[in-house]
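Taking it in order: structure first as structure tokens, then the write-up.
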Amino acid sequence: MSISPYAAHRAALLERLSRDQIAAVIPTATVKVRNDDSDYRFRPTSDFWYLTGFGEPSACLVLLPARGEEPARAILYLRERDKEREIWDGKRLGLDRAVDTIGVDETRNIEALWEDLGNVLKNQENIMWRFGDGDAQDRQMLQLFTKLRNGARGNIQPAKTLVDPGPYLSEMRLFKGPEEIEMMRRAAALTAETHTGLMAKVTPGMNEAEAEAFLDYSYRKAGSTGAAYNHICAGGGNACILHYIENNEPLKDGDLMLVDSGAECDFYAADITRTFPVNGKFSDEQRALYQVVLKAEEASIAVVKPGVRFEDVHAATLDVIIDGLLELGLLSGTVEEIKEKSSYRAFFMHKTSHWLGLDVHDCGAYNVDGKSRSLEPGMVLTVEPGIYVDPENEEVEERWRGIGIRIEDDVLVTESGHEILTKAAPKSIEDVEAACAGSQGHARRQPIGQNA
Ligand SMILES: [Mn+2]
């Protein structure tokens with residue numbers, strides 16, 4: 001019988017926990033209230049999903065390390081079946097079925113979790129817990145830790161430390177296995193297809209909100225769990241607001257539109273940004289700045305391979321952006337001065353990359369031993385340079401003001417270099433204008449699930 005990737009993740013983590021004698025308590029997310037008695041749609045925490053593939057709320061995974069004769073154990077706490085509650089809130093897997101379905105050693109009722117943990121964790125040396133996901137549950141963990149200490153007598157040893165999942169679970173999640181990469185390819189292909197479709201759809205006078213609705217519609221229709229983060233659908237100067245999510249203004253003839261949006265497949269994220277002309281044709285100024293961003297993006301992608309440091313990817317972009325802004329007269333001085341004073345930050349104020357996975361800004365350390373980390377096969381990172389000319393920037397000629405451009409792809413580090421997961425999304429000026437015109441853009445689409 002083949003083992004699910006989630007069970008494989010659990011086994012791999014249990015091996016590390018056994019080595020260091022750590023018991024892990026990994027709750028899923030709490031249901032978030034939107035307003036009054038309406039909740040947001042539930043989404044499990046990424047750590048919990050990674051280890052279980054179980055999407056119900058009110059659940060917690062407890063992993064106990066192997067010790068002496070005792071084998072390692074996985075206990076899943078979840079909701080018991082309840083006909084009355086299921087009529088109102090939806091189906092529940094229940095304790096009996098979860099043993100086989102999830103493949104854990106044992107299931108217990110979530111309602112008894114905190115009381116139960118007092119016994120389950122009685123002789124554990126170290127307890128893994130991720131602080132910061134909720135004050136109430138953090139308080140419960142501290143109370144439990146105190147209770148274990150106060151209850152220690154004779155041969156019962158209290159836990160010594162609370163351990164952050166960072167060096168264990170987060171580091172595992174940073175390296176994607178074959179099934180995870182396949183999931184990310186599907187998310188990337190769906191997102192690329194959707195961006196391409198949007199380019200053909202946008203016309204002057206349309207509202208940013210309609211673009212957002214098209215993205216949601218396309219993702220959900222294709223079976224995605226939804227958007228991986230709030231879409232940015234920014235026309236004209238709104239593109240210079242880095243986290244613009246209001247998405248409610250009309251799109252104007254002659255403006256660019258910046259769209260930063262990604263679908264999730266089984267909660268694995270894609271993260272694509274494309275910038276295209278609302279009326280289908282770049283103006284001279286838009287074209288000039290777009291070429292700089294595109295050249296920077298391609299320069300950064302070109303350096304991605306095992307052994308290259310994370311910060312080198314940013315450095316490659318920065319050189320091209322500074323050269324381009326100098327050439328177009330938006331910056332003056334020498335490259336050294338510009339870098340020293342960071343004056344490029346008036347136009348490019350964010351970093352070029354972040355890890356990508358179950359979280360759009362995925363976990364995993366960026367620095368190791370005080371140095372920027374070397375890339376290794378299985379890591380996925382974004383490459384996303386931009387140039388943003390503030391609409392109120394009076395230091396530059398008026399014709400440049402309000403142009404905001406970002407181009408973003410998702411890049412898998414492979415043994416021999418890299419694979420661009422999102423390359424089906426049009427990027428060259430020629431391809432973008434063709435996609436805006438419709439026909440060629442549509443012909444270039446690739447089916448979901450196929451390696452892009
Ligand atoms: Mn991104």
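Counting starts at 1 for both ligands and their atoms, following the listed order. All values below come from the heavy atoms of this structure, side chains included, with hydrogens, waters and symmetry mates left out.
For residues 325-336, no pair satisfies salt bridge (charged side-chain N to carboxylate O under 4.0 Å, His left out), with sequence neighbours left out.
Here Tyr366 pairs with Phe310, Trp355 under the ring pair (Phe, Tyr, Trp, His ring centres under 6.0 Å) rule; sequence neighbours left out. Residues passing the salt bridge (charged side-chain N to carboxylate O under 4.0 Å, His left out) test with Arg287, sequence neighbours excluded: Glu433.
With waters left out, the protein N, O or S atoms under 2.8 Å from the Mn ion (ligand 1) add up to 4.
Using cut-offs of 30° and 60° for the angle between ring planes, the Tyr344 and Phe348 rings count as tilted.
The side-chain heavy atoms of Glu384 and Asp271, taken from C-beta on, include a pair separated by under 4.5 Å. By the 4.5 Å heavy-atom criterion applied to side chains, Leu375 and Pro306 are not counted as neighbours.
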